[in-house]
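Single-structure report; data block below.
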Amino acid sequence: MKPFIYLRALRHAEHTVFGVENGQKTYRDPQFGRQMAYSSGQQVKRSIIEALSDELNVPFAAITFNWKIEKGVAGMLEPHSPCDPSFPDQLLGGYMKAQSDKMTVKRRSPMSISAMRPLHPLLGGLERETEAVVFDRSSKPENHIVKVYQVEGKKRTEIPQEELADWLTSNERSLGPKYYNGNGMTRATGLFVYDIAIDLRTLFCVSTNRLEPELFPEIETKLREAGWVDGKNVFGKCLVLPKEQREKIIPALAHALANWRITSNQARTFSLMETLAIAVSDNANQVAYAIRGELRTDLERQTAVPKIDETAKADIFVTPSCSGYVQGTVGSADAIDKTEQHLIDLMMAFDYESQMLS
C-alpha cells in the first residue's frame, strides 16, 4: 500500500466571502489576467480541524498567549503551543515552539492542504457588492433611538429632542434611514477546488529523534504513560498512537475531510458551499485529471467547462448537485457517505506500528 492519500474536492460557492476581517482574499491569475477569490490553505486546515474536534467532541489544545509591558506599553509576544500530540488538533495540525533560551520543538502536519481556489480562472470569480445596506426605522420608530450632536471642534453636545424637532422643521430636513455600500466589497462565486495530501507514515506517529525533536521530554513521558507504543518508520524511531484511539479519530477525520465548512463567512453572504464531487487516489496526478477545467476556444469567446473524468485512476464520488454545473454527471445522495467510508478503509488498512521499507 502506498503511504499517501490524495484528495481533490469540487465545491460550488455563491455570492459569499471566504474571509471576513479584511474582506475577500484575492490573487491575480497571470495567464488570464483575472482577480481570483480564494480561501487560504491555513483557513481550510483550521476549518477541517474544527470539524474534527466537533465530531470527536473534544477541546482544542490550550494556547498560551504571551504579553509584555515595557515602559508602560503592552505588547503581544509570540503565542506558545503546548506541543502535545495527545490532543487531536496538535497531532494532525502540527505545532512549533521556539524560544531563544530553550530547545525548539516542531511537528509538521501530516496533512498538506492547498488553498480553495477556482477550478479554472474562467470558472470562478469575483463580483462587486452593489447591495445597499439600510438601517430602516420606518416600521417601528418607537423602538429606535435617534441622537444628534452639535459638534464644535473636539467638543460634542447632544441636541435636545425638542430643539432637534424645531431645527428639522425650520430647515425642512429629515433624518431618514442610513444607506451604505460596504466600501465596494467583493463576493466570490463559481466552482472551487481544494487539494489535500495525507502522509500516512506520520499521521499517527510522532518522531522520537533527539536531533530534530518533535516532543519535549516531559510530553514523551506523558505519551508513554498514556499507552503510546514504540514503532519505526522510514524516518526512524517513533511513538505510535494506540490502535483504539486511532479507530476513534479516523472516522472523525474522514468526516471532517469531506464535510468541513468555512464558519467565518458573513451572515448576510452565507453560502452552503455544497460539495459537487470528490476524487481520492494514491497518485496526485490522477486526482488532478479526475476533476479539472477544460479550456474551450471553439466558441465565440474563450471560455472553460468543468470536467469530471471517470477514466482517471481515482475513486470519484459525485453528488446530485453536480449535474447542475457539470454536464453529463449523475450523482448519488450517499456520495459523501461513501467518500467517508473509503477514506476510513484506506486509513485503517495502513500499518502504523511497523512501516520500514524492506
Please check if the side chain of [X] supplies one atom and the backbone of [Y] the other of a donor-acceptor pair under 3.5 Å.
X	Y	result
Thr202	Pro110	no
Arg34	Pro121	yes
Lys45	Gly93	yes
Ser53	Glu50	no
Ser271	Glu14	yes
Ser40	Gln43	yes
Arg201	Phe235	no
Thr16	Ala13	no
Asp282	Lys2	no

Looking at side-chain heavy atoms only, is the closest gap between [X] and [Y] below 4.5 Å?
X	Y	result
Pro88	Val58	yes
Asp230	Arg224	yes
Ile198	Tyr6	no
Met273	Phe18	yes
Lys97	Phe216	yes
Ile262	Ser39	yes
Leu52	His255	no
Thr189	Leu126	no

Do we see a donor-acceptor contact under 3.5 Å between the side chains of [X] and [Y]?
X	Y	value
Gln35	Thr26	yes
Asn283	Ser281	no
Gln341	Asp337	no
Gln150	Lys155	no
Asn209	Ser207	no
Glu55	Asn259	no
Arg11	Thr275	yes
Ser81	Gln90	yes

Would you compute the distance between atom CG of Asp54 and atom CD1 of Ile49 and round it to the nearest 0.5 angstrom? 11.0 Å
To the nearest 0.5 Å, atom CD of Gln245 lies from atom CD of Glu247 at 11.0 Å
Salt-bridge criterion met for [X] and [Y] (N-O under 4.0 Å):
X	Y	result
Glu244	Lys248	no
Arg8	Asp195	yes
Lys307	Asp309	no

List the atom of [X], the atom of [Y], and the distance in Å for their closest heavy-atom pair.
X	Y	value
Asp89	Pro59	OD1-O, 4.2 Å
Pro82	Ala62	CD-O, 3.2 Å
Pro118	Phe192	N-CD2, 3.5 Å

Taking it one step at a time, do Tyr27 and Tyr38 satisfy ring-ring contact (aromatic ring centres under 6.0 Å, His included)? CA-CA 8 Å; Tyr27 69 95; Tyr38 76 98; 5.8 Å; yes
Stepwise, does the ring-ring contact (aromatic ring centres under 6.0 Å, His included) test hold for His342 with Phe317? CA-CA 10 Å; His342 183 58; Phe317 306 90; 5.8 Å; yes
Mind running ring-ring contact (aromatic ring centres under 6.0 Å, His included) on Phe32 and His120 for me, showing each step along the way? CA-CA 10 Å; Phe32 292 89; His120 186 280; 5.1 Å; yes
For Arg108 and Glu212, what are the C-alpha separation, side-chain angles and deciding distance, and is it a salt bridge (charged side-chain N to carboxylate O under 4.0 Å, His left out)? CA-CA 12 Å; Arg108 296 184 183 277; Glu212 297 182 60; over 6 Å; no
Take Phe204 and Trp228 through the ring-ring contact (aromatic ring centres under 6.0 Å, His included) test and state the conclusion after the steps. CA-CA 10 Å; Phe204 297 117; Trp228 288 57; 8.9 Å; no
Phe350 vs Tyr352 aromatic rings, parallel, tilted or perpendicular, using cut-offs 30° and 60°? perpendicular
Does the salt bridge (charged side-chain N to carboxylate O under 4.0 Å, His left out) test come out yes or no for Arg292 and Glu294, once each step is laid out? CA-CA 7 Å; Arg292 65 182 190 269; Glu294 292 189 344; 2.8 Å; yes
Out of Arg246, Lys232, Lys237, which one pairs with Glu353 under the salt bridge (Lys or Arg N to Asp or Glu O under 4.0 Å) rule? Arg246
